[in-house]
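One structure below.
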Amino acid sequence: MMEQYLSIKNRYKDSLLFYRMGDFYELFFEDAIIASDALDIALTKRGKSNGKDIPMCGVPFHSADNYLPKLIKKGFNVAVCEQTETVEEAKLNLKKGPLKREVVRIISPGTLTEDNLLQRKNNNYLGAISIFNGSISVAWVDVSTGYFKSRLIGKENDLNQKQLLTNFMLRKDFSEILISDDMDMDYIIDEWHPILKKQSPSLFHYQSCFDQICSYYSVVSLEGIGSFSKGEIIAAGVLLSYLKLTQCGKIPFLSMIKSENINSFLEIDYFTQKSLEILKNLSGNSEGSLISSIDETKTASGARLLRQRIIEPFYDLNLIQDRYDVINWILGNNIDINNYQNCLKAIPDLERSLSRISLLRGSPRDLLLISKGLLNTKEIFENLTLDQQKNLKPKLLNSILDSLKIDYSLFLNITKALKSEVPLIAKEGGFIKDGFNAELDFFRNLRNNELNQIMKLQRKYSELTKISSLKIKHNRMLGYHVEVRTIHDQSIRNIDLFIHRQTTAQASRFTTNELVDIETQILNSFDKAIKIELEIFNNFANQILQKGKEILKIVNSISELDISFMVASQSVFRNYVCPNISNDKILEITGGRHPVVEHQMRLTQGSFISNDCKLNNKDFIWLITGPNMAGKSTFLRQNALIAIMAQAGLFVPAKKAKIGLFDKIFSRVGASDDLARGQSTFMIEMIETSLILNTSTEKSLVILDEIGRGTSTFDGLAIAWSVLEYLHEKIKPTTLFATHYHELTVLKDNLNNLSCHRMSVKEWNNSIIFMHKILDGEADKSYGIHVAKLAGIPSEVTEGAAKILSDLQNKNQTKKSYSKEVFTINLKEVENFLKEFDKIDVDDISPRQSLDFLYKLKLKRQGIGKSKFKK
Ligand code: ADP
């Protein structure tokens with residue numbers, strides 16, 4: 001057995017080998033040590049190798065599902081090795097030694113299909129990175145849903161390639177990444193090291209990758225599929241090879257691979273995604289994130305699509321407008337939103353069931369789920385067909401309807417064939433209804449008759465032996481047998497009919513020829529019934545797979561509809577409005593609200609104060625001042641979130657919104673306790689700011705909150721000042737800039753496209769009230785001490801602080817008069833210098849003369865260049 005184990009393990013060195021022995025999966029040697037530690041289970045030993053104990057640990061096969069997720073989450077691959085012959089088969093073949101075993105599947109973090117190992121609302125991506133002729137490409141696949149995409153990240157010599165790759169990969173949150181063993185690790189950030197799976201460079205060979213794709217889709221060229229860079233083909237081919245390997249030859253049903261253009265999305269880099277709390281809050285939980293506040297989708301695939309949209313919204317006017325058109329059609333035609341949403345609620349996770357069926361891991365339950373789900377889809381299709389007569393139908397709705405128009409009879413048949421409660425595994429049968437298949441009924445009846453015969457036999461033997469407690473029972477060891485209490489043992493042995501099989505302390509067991517005959521018949525009819533059920537199952541599964549492409553299209557349409565109905569309902573119940581979207585430079589939001597804060601306030605009966613934002617071509621930088629707690633950050637973020645929602649094709653929390661498409665959104669919060677951990681907070685702040693200054697464009701939206709806070713006041717002020725000037729003069733992105741440096745407000749005098757705004761506060765009884773309302777103009781005071789009072793700082797401290805503040809302000813006055821001194825130069829001396837300079841004929845001067853002249857210059861420079869302050 002150990003020999004067999006080692007030869008299999010040798011082929012799956014990178015995985016923990018779950019070696020099936022009876023009712024357990026056992027692990028040996030190094031695997032056992034790793035797994036016992038990772039799973040916190042006992043490490044034992046079994047036998048010896050080279051005189052040393054062999055470490056071993058194991059998990060019961062029926063509870064493997066409890067242990068697998070722990071290993072997978074820790075980044076391990078698990079190779080599941082099963083017995084592939086039964087004891088009976090081995091006996092028939094007169095085989096000695098252990099039963100035949102084979103690895104039937106390698107489970108890795110990026111290739112999961114089981115619902116209990118996956119998150120319902122999140123995609124689970126396996127990615128591959130390739131570098132071909134200096135340009136980076138990626139391909140990624142979600143095996144559990146059949147989603148398959150590729151993208152050229154950057155061209156050769158593109159200095160941003162690493163940045164773009166990092167942003168993309170972080171945003172998508174990959175579970176596993178494949179790279180070539182010889183890839184330049186400079187491109188790979190530290191966070192990914194645990195999820196990298198290095199592959200042999202030979203796998204990254206262009207022609208073989210091309211062939212993999214062609215063979216998977218049964219095509220001879222990829223032209224009909226789309227246009228791909230060579231790097232994309234390599235990355236996609238590598239994924240297919242890896243899937244073949246890990247699924248032991250079976251490849252899941254994947255949608256047609258699609259190449260995405262990196263420029264067709266609004267780029268939200270990872271730090272912005274974090275800072276705006278799009279998928280998670282600052283502590284890493286989903287509570288209080290944008291997605292958790294707005295996600296009211298009804299289907300799992302709809303929820304996944306919404307996530308994709310939010311992390312990579314559109315950068316294409318038409319695609320956004322198409323979505324708005326459908327939502328407006330729903331709202332404008334009195335469509336019963338509730339009715340549709342109830343139908344959507346009843347649609348299960350079709351993609352995941354389809355994927356399991358394609359990997360031969362499907363169950364009767366998957367057949368039933370797909371069929372019932374698609375019959376609900378049919379209902380939606382029929383309702384929409386009726387509803388669409390109400391008015392001109394939008395383009396996207398037409399294509400949705402087209403994809404839903406399929407022949408649903410297969411699914412009706414399946415629901416007719418399957419019982420309403422079906423088992424989770426097919427191989428034990430029992431899921432086809434009586435009356436669906438005559439042959440199956442025949443064998444089932446036969447089995448029932450035979451079971452009746454056993455009951456008759458029991459009565460007969462009981463009368464014959466005069467033992468009323470005689471029973472015919474069944475167990476795995478003996479099969480059907482006659483059982484009496486041990487005291488009757490001898491009296492039964494005296495009757496020839498009974499053949500002794502076993503005696504225990506309590507019972508004696510016998511068999512008879514009659515019983516053996518009936519048992520054989522029962523087993524035969526049982527086997528035949530199961531065989532028929534399995535045939536029906538496989539037949540249905542194959543028919544479903546033949547419709548796989550159509551089913552994936554349906555899922556996509558259902559997800560679009562799900563989001564559309566969600567938005568329509570939010571328009572009614574949350575007062576979200578349809579933005580007016582254009583290619584102009586504009587972010588004009590009237591009565592805007594923060595989707596998350598407003599949602600939370602609604603739950604606590606608070607009321608959110610709405611605010612206007614009017615950024616446009618002429619006034620594209622807003623400098624916002626106001627004390628801490630006045631609502632600056634909330635205002636900044638709400639506008640960024642509204643822009644993101646709009647480009648994701650959603651309606652937005654505002655009275656009116658005019659939004660010009662943004663190519664990128666950046667949001668940075670100056671060093672704060674939340675973000676600063678360990679490293680120099682100021683350094684992080686500056687790295688992030690430099691990224692914005694280097695990569696934003698005129699079409700970007702930049703949100704800067706308290707930049708420069710991580711250093712001393714004057715440094716910080718100087719940096720914030722300079723950053724603002726640079727943005728205004730050089731890049732010209734639409735910018736919201738919040739600061740507590742009131743000094744910055746003088747910039748409005750020189751920078752024409754910048755205006756000042758303030759969060760209003762009211763002083764009342766020596767205290768302040770935050771109005772949370774944005775007004776024109778600049779704030780005049782910082783109110784820091786008032787906020788400290790509000791926070792419960794003892795009055796002795798705040799009063800002390802007030803005194804220090806007034807002293808400092810007085811000193812500052814004196815300083816100010818000093819700083820008003822002016823830097824001047826003596827003009828007469830400059831004139832003399834220039835005269836002398838003009839005398840030189842540069843073409844007719846010897847090296848010696850020029851050197852002398854330089855010395856002279858140096859002397860003069862000391863005289864005239866000295867800065868002088870004039871009182
Ligand atoms: P700042 O950035 O000026 O320090 P914040 O934006 O962090 O202030 O807001 C402080 C508090 O005020 C938060 O708890 C926030 O929920 C609340 N708040 C901010 N804006 C509003 C608003 N428009 N309506 C109601 N509450 C608000």
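For ligands, and for the atoms within them, numbers begin at 1 and follow the listed sequence.
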- Query: If you draw the axis of the six-membered ring of F565, does the NZ or CZ of K298 fall within 45° of it and under 6.0 Å from the ring centre?
  - Reply: no

- Please walk me through it: do I330 and S564 pass side-chain contact (heavy atoms from CB on, under 4.5 Å)? CA-CA 8 Å; I330 295 172; S564 305; 3.9 Å; yes

- Message: Distance check, rounded to the nearest 0.5 Å: E260 atom CD versus E312 atom CD?
- Response: 6.5 Å

- Query: Can you list the ligand 1 atoms lying under 4.0 Å from a non-hydrogen atom of G631?
  - Reply: 1 (P), 3 (O), 5 (P), 6 (O), 8 (O), 9 (O), 19 (C), 20 (N)

- Item | Closest to atom 21 (C) of ligand 1 (judged by heavy-atom distance), picking from H594, K632, M771, H772 | H772

- Message: Checking the N or O distance criterion of under 3.5 Å, is ligand 1 in contact with S633?
- Response: yes

- Show which atoms of ligand 1 fall inside a sub-4.0 Å distance from at least one heavy-atom site of V597. 16 (O)

- Kindly state whether the ring of Y315 and the ring of F662 have centres lying under 6.0 angstrom apart. no

- Any idea which protein heavy atom is nearest atom 23 (N) of ligand 1, and the distance to it? I609 O, 2.8 Å

- About how many Å separate CG of L282 and NZ of K274, when rounded to the nearest 0.5 Å? 8.5 Å

- Message: For the residue pair S633 / D705, report whether a side-chain donor-acceptor contact shorter than 3.5 Å exists.
- Response: yes

- Query: Within a distance of under 4.0 Å, is there any protein heavy atom near atom 13 (C) of ligand 1?
  - Reply: no

- Considering only heavy atoms of T634, which atoms of ligand 1 have at least one such atom less than 4.0 Å away? 5 (P), 6 (O), 9 (O), 15 (C), 19 (C), 20 (N)

- Message: I'd like to know whether ligand 1 has G626 as a neighbour, heavy-atom separation below 4.0 Å.
- Response: no

- Query: Do W140 and F168 have their ring centres less than 6.0 Å from each other?
  - Reply: yes

- Query: For ligand 1, is there an N or O atom under 3.5 Å from any N or O atom of A630?
  - Reply: yes

